[in-house]
Enquirer: 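Before I ask anything, let me first share the structure, which is written out below as structure tokens.
Numbered from 1 within each chain, the chains take letters A, B, ... in sequence-line order.
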Amino acid sequence: MINLTLKDGSVRQVAKGTTLYELASSLSQGLARVAVVGKVNGELKDLDYALTEDAEVEILTLDSEEGLEVLRHSTSHLLAQAVKNLFPGTILGIGPAIANGFYYDFDSEHTFTPEDLAKIEAEMQRLAKEDNSFKCKLISREEAIQYFQDSGEKYKVELINDLPEDAQISLYTHGNFTDLCAGPHVPSTKMLKTFKLQSVAGAYWRGSEKNKMLQRIYGLAFAKASDLKDYLFKLEEAKRRDHRKLGMELDLFSLHDEGPGFPFFHPKGMVLRNILEDFWSKEHQKRGYVEVKTPIILSRTLWEQSGHWDHYKENMYFTKIDDQDYAIKPMNCPGGMIMYKTKLRSYRDLPIRCGELGLVHRHELSGALHGLLRVRNFTQDDAHIFMLPSQIKDEIIAVIELVDYFYKIFGFEYHIELSTRPEDSMGSDEAWEMATKALEEALQAKGMDYKINPGDGAFYGPKIDFHLKDCLDRTWQCGTIQLDFQMPEKFDLTYIGEDGEKHRPVMIHRVVYGSIERFIALLIEHYAGAFPTWLAPVQVRILPISDKHNAYAQKVQSILKDQGIRVELDTRREKINYKIREAQTEKIPFALVVGDKEAEQETVAVRRYGQKDTKVLSVEDFQALILDEINTKRTGL
RNA sequence: GCCGAGAUAGCUCAGCUGGUAGAGCAAUUGAUUCGUAAUCAAUAGGUCGUGGGUUCGAGUCCCAUUCUCGGCUCCA
């Protein structure tokens, strides 16, 4: 007999060799029916796994994230089976579970079309009903290689060859389909009911552009049909927040064939930009930053000195002036270096926190462009902090706090990544290690959770990245803090120390918004276009009932305007309903209706965006209310 | 850059197997002076992304190209 500790802490004695399924049955028939996999000492196992020693055991159902993940993974096998049935000769790549579903990569002569997806899905439904169980078989490396070589599965052979020496190799079979897989899986295909194939996309084998591009089929899978339906509905809702759609509807910006990736900002978009930039400048001044502006075009020699010529050329645009080579800046830092060197610096001057809202141009791959989220020119809210080595930690912590302060004001949730040394980079291992450690220590000192993003650092140093989510939960890097020992070296930056000798300062490159363009895109999606009053391009629109009331409306407008409130007046000869509808469609925070009553009593009927009820306030009271909302940057809802 | 899909009026879209373009909203004009999400009517608006080709005839078929979308890669 062996002792099993269950999730509730109770201990159950069962015969050695009892399977997880048998255990589930003995606990309750209901549980056995919905059981997906088991967890033995923290490891996921198939239900037919036989227990041979004392263990902590948990039976998982589709109510758990892990259970769902297994379901999604099993559905990817079902997809592969269906594709192999319908398109014999297809070679398999990999097929993992992902958020909300799964994908499988295929190498096929046939190009999968959207119409094929429907056929494949039907075949999956048919196969699922066959009620085939997933069976696991452990085999030796040689057998496995032999097996997949014989069946022409070259990618599987490659995968096996790359498995660690001691890896246990297992095959999973259901019906006529066998795949290399670590498992575990649901007990039977009959559990695979709620899925939907979504799209086909190209994907490089093993994520490297040096490899062949395979065809990836994406699918969704959920525990219940209602969950799938809910998710599809949520997707549709999310698309309504898309900044590309809202940006055009709200007349904020536009993109044109004449300048792919070079956005045009309209008057209303400029209002938003200017507010963000003003806020930025004020907050930075408070924290001891100065602000500069460096040129957009600088000589080739500078870029050679900075290392961009060697490490960043692919992303840069070039031009010639009087037969000399120049580059359009992809980063602001080299310009900042030149400024630092205009004076002799003392240790007493440091840290120098030098901000720059700098317009940079980068040649992004055409296929990567995406609204304002990925563009070819953008304004970085950059700053370079030159400091003594002893100031590193405090400065990094101050920037982490600054980014957090900003993001909280907008109500953004974010996650942090620590990006380490990339392949194409410069500097010594020691310098990189020191820099990476400094960043890590600052994060730990702040108690921040973060994940490591190996090899994703800048070519001159490691970085802390702050990521925000868009309407479809894709994450985008915004803020970043990069610690750099290389540039000061390359540019021979110095300061005079207490000892009267020259020393090398350390520098940080950092941005808070990241790029104003990207940040605006995320703001649009975050607020679904309904900006809080302090950010709204138009804060108030006054709607006279008829043109009898225009004079009073104008008076109210000038009172509010004098307070710096962005207020419009709608004097068109339209019905009040029509004007209100339009003000709502444009997501203006306040619509003020004025008619006989209001004109007589010097009041306004206040209708807030998204709310049906109105409140009649005196003009002074309304003014106080809106100014308070603007000053406190409240969302108002 | 790569794989796939798409591009028709300012916007959203229709246009079957090739027979020289249509709706709604927006716009303009006129009438309506109106109390919390669309007043009525009339008018105007497109060389169907661009360039070639096939054909008596191309929005529709073929080729190239640009841009957009979804991914991959890359990145603020």
Enquirer: Given the structure, check if the side chain of R510(A) and the base of A76(B) hold any donor-acceptor pair shorter than 3.5 Å.
Expert: no
Enquirer: If you count heavy atoms of other groups shown closer than 6.0 angstrom to NZ of K268(A), is the number above 12?
Expert: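 Yes, the 6.0 Å shell around NZ holds more than 12 heavy atoms from other groups.
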Enquirer: Is it the case that Y218(A) and R216(A) place a side-chain donor and acceptor less than 3.5 Å from each other?
Expert: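 Yes, because at least one side-chain N or O of Y218(A) sits under 3.5 Å from a partner of the opposite role on R216(A).
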Enquirer: Mark yes or no for a side-chain to base donor-acceptor pair under 3.5 Å between D547(A) and U33(B), with no hydrogen or angle criteria applied.
Expert: yes
Enquirer: Rounded to whole angstrom units, what separation is found between the NE2 atom of H549(A) and the P atom of U36(B)?
Expert: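 After rounding, the reported distance stands at 14 Å.
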Enquirer: Taking OH from Y460(A) and C1' from C75(B), how many angstroms apart are they, rounded to a whole number?
Expert: 12 Å
Enquirer: Is E586(A) paired with R581(A) through a side-chain N to carboxylate O contact shorter than 4.0 Å?
Expert: no
Enquirer: Might you confirm whether atom CD of E291(A) has over 12 heavy atoms from other residues, nucleotides or ligands at distances under 6.0 Å?
Expert: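 Enclosed.
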Enquirer: Can you check the E598(A) CD to U36(B) C1' distance for me, whole Å?
Expert: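 Going from CD in E598(A) over to C1' in U36(B) covers 11 Å.
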Enquirer: Measure from CZ on F106(A) to P on C72(B) and round the result to the nearest Å.
Expert: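 For the pair F106(A) CZ and C72(B) P, the rounded distance is 16 Å.
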Enquirer: If you assign L373(A) and N577(A) each to the RNA chain B nucleotide with the nearest heavy atom, which residue ends up on the more 5' nucleotide?
Expert: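 Whichever sits nearer the 5' end wins; that is N577(A).
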Enquirer: Parallel, tilted or perpendicular for Y407(A) and Y414(A), by the 30°/60° rule?
Expert: perpendicular
Enquirer: When the nearest nucleotide of RNA chain B is assigned to L369(A) and to T585(A) on a heavy-atom basis, which residue is associated with the more 5' position?
Expert: T585(A)
Enquirer: Mind calculating the distance between CG (L543(A)) and C1' (A38(B)) to the nearest angstrom?
Expert: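 Spelled out: CG on L543(A) to C1' on A38(B) is 14 Å.
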Enquirer: With no angle test and no hydrogens, is the base of G1(B) tied to the side chain of E314(A) by a donor-acceptor pair under 3.5 Å?
Expert: no
Enquirer: Quick check: any donor-acceptor pair below 3.5 Å linking the side-chain of R374(A) to the base of C74(B)?
Expert: yes
Enquirer: Can you check the D570(A) CG to U33(B) C1' distance for me, whole Å?
Expert: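 Interatomic distance, CG of D570(A) to C1' of U33(B): 14 Å.
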Enquirer: Classify R216(A) by what it touches in the nucleic acid, base, sugar-phosphate, or nothing, heavy-atom distance under 4.0 Å.
Expert: sugar-phosphate
Enquirer: Answer with yes or no whether Y204(A) presents, from its side chain, a donor or acceptor under 3.5 Å of a partner atom in the base of G71(B).
Expert: no
